[in-house]
Amino acid sequence: MGVGTEPALAAAAVLCLLLGLWVWKQKRQIARLKGEVARLQADAAHQLQTDPLTGLANRIALERWVAGGDASSGTLAVCDLDNFKDLNDRYGHLVGDEILRHVAQLIRASVRQEDCAFRWGGDEFVLYFRTEDRSLIEERLGALEQRLAHF
């Protein structure tokens with residue numbers, strides 16, 4: 001080897017090592033960012049199908065659910081709150097929103113894990129019971145009605 005090649009080789013080796021370290025850090029950063037993008041996409045998909053006020057599935061989720069043919073044999077119930085507009089007009093939207101949040105909690109407590117609950121809009125809710133057992137459905141709806149009456 002000629003004069004001065006050893007320092008040049010050492011410098012090239014250090015440069016390669018630094019470049020390799022930089023590439024490794026970039027790959028880690030890309031992997032972290034991919035994970036973050038996946039999390040944000042999942043959050044966005046969840047938010048798209050969730051009613052922000054009640055936390056129930058929303059109308060978009062209901063439409064996708066119906067269009068997707070996910071419904072097996074079961075029973076669909078459409079419910080609304082009697083005189084809700086009067087309450088909202090009399091006490092204001094903040095109170096109306098609080099009522100809707102509580103009603104959503106009562107609905108969640110009244111349906112089984114395998115059933116579905118949607119806020120269709122305003123004071124209207126759609127419940128899907130994955131059963132055709134009329135007595136079970138009447139029992140669930142009766143329990144919901146009692147909880148609402150006590151509320």
Side-chain angles (χ1 to χ4, degrees), residues 11-134 136-151:
V14 169
L15 184 60
C16 286
L17 181 62
L18 290 174
L19 184 60
L21 181 60
W22 180 81
V23 168
W24 177 74
K25 284 183 175 182
Q26 295 305 308
K27 284 183 177 181
R28 281 186 47 193
Q29 179 73 355
I30 289 169
R32 188 187 65 75
L33 290 172
K34 281 182 179 179
E36 182 70 11
V37 167
R39 186 189 64 76
L40 290 171
Q41 286 174 327
D43 286 352
H46 176 73
Q47 288 177 4
L48 178 67
Q49 297 188 70
T50 303
D51 176 58
L53 180 63
T54 64
L56 294 176
N58 64 15
R59 181 183 214 126
I60 293 170
L62 175 61
E63 290 170 0
R64 287 183 173 181
W65 179 76
V66 169
D70 293 338
S72 57
S73 62
T75 305
L76 197 66
V78 179
C79 313
D80 74 345
L81 303 177
D82 292 338
N83 304 315
F84 179 73
K85 184 181 180 330
D86 295 338
L87 287 171
N88 218 18
D89 290 345
R90 183 171 183 183
Y91 298 107
H93 291 286
L94 291 177
V95 171
D97 287 353
E98 192 63 26
I99 289 170
L100 290 173
R101 278 192 283 277
H102 285 292
V103 167
Q105 289 174 347
L106 295 174
I107 287 172
R108 274 192 289 280
S110 301
V111 298
R112 302 167 306 161
Q113 185 73 25
E114 60 267 26
D115 300 329
C116 301
F118 304 89
R119 179 175 178 213
W120 193 357
D123 67 338
E124 298 167 326
F125 299 88
V126 174
L127 308 177
Y128 176 72
F129 298 94
R130 291 189 194 277
T131 183
E132 293 180 8
D133 182 345
R134 187 176 181 97
L136 175 66
I137 295 164
E138 287 175 354
E139 176 187 318
R140 291 290 172 180
L141 290 174
L144 174 59
E145 191 172 20
Q146 284 182 337
R147 286 181 175 124
L148 288 171
H150 291 337
F151 171 70

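For the single chain, residues carry numbers from 1 onward in sequence order.
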CG of Leu94 to CD1 of Ile99, rounded to nearest 0.5 Å, is 11.0 Å

Val37 side chain reached by Gln41 side chain, heavy atoms, under 4.5 Å:
yes

Looking at side-chain heavy atoms only, is the closest gap between Thr50 and Leu56 below 4.5 Å?
no

Contacts of type side chain to side chain contact (heavy atoms under 4.5 Å, CB included), residue His102, not counting sequence neighbours
Glu98, Gln105, Phe151

What distance separates Tyr128 OH from Phe118 CZ, expressed to the nearest 0.5 Å?
10.0 Å

Side-chain donor-acceptor pairs under 3.5 Å in residues 18-36, sequence neighbours left out?
from	atom 1	to	atom 2	distance (Å)
Gln29	OE1	Arg32	NE	3.4
Glu36	OE2	Arg39	NH2	2.7

Sequence neighbours left out, what passes side chain to side chain contact (heavy atoms under 4.5 Å, CB included) with Glu145? Give chain and number order.
none

Rounded to the nearest 0.5 Å, what separates atom CG in Leu48 from atom NE2 in His46?
11.0 Å

Could you tell me whether Arg101 and Asp97 make a salt bridge, using a distance below 4.0 angstrom between a side-chain N and a carboxylate O?
no

Below 4.5 Å, heavy atoms only, C-beta onward: do Asp123 and Val103 meet side chain to side chain?
no

Any side-chain heavy atom of Ser110 within less than 4.5 Å of one from Arg147?
yes

Using the side chain to side chain contact (heavy atoms under 4.5 Å, CB included) rule, take Leu127 and Leu141 through it: C-alpha gap first, then chi angles, then the decisive distance, then the call.
CA-CA 10 Å; Leu127 308 177; Leu141 290 174; 3.9 Å; yes

With the side chain counted from C-beta on, respond yes when Leu81 and Leu100 share a heavy-atom pair under 4.5 Å apart, and no when they do not.
yes

Are any non-hydrogen side-chain atoms of Val95 and Leu87 less than 4.5 angstrom apart?
no

Any side-chain heavy atom of Arg112 sitting closer than 4.5 Å to one from Arg140?
yes

Taking all non-hydrogen atoms of both residues into account, name the closest pair between Phe129 and Ala77 and its distance.
CE1-CB, 4.3 Å

Nearest 0.5 angstrom please: Asn58 CG to Arg64 CZ, how far?
9.0 Å

Sidechain-backbone polar pair: Thr75 side chain, Thr131 backbone, donor-acceptor under 3.5 Å:
yes

Taking the side chain as everything from C-beta on, heavy atoms only, tell me whether Val66 gets closer than 4.5 Å to Leu62.
yes

To the nearest 0.5 Å, how far apart are CG in Leu40 and CD in Gln47?
9.5 Å

Between Arg130 (side chain only) and Asp115 (backbone N and O only), is there a donor and an acceptor less than 3.5 Å apart?
no

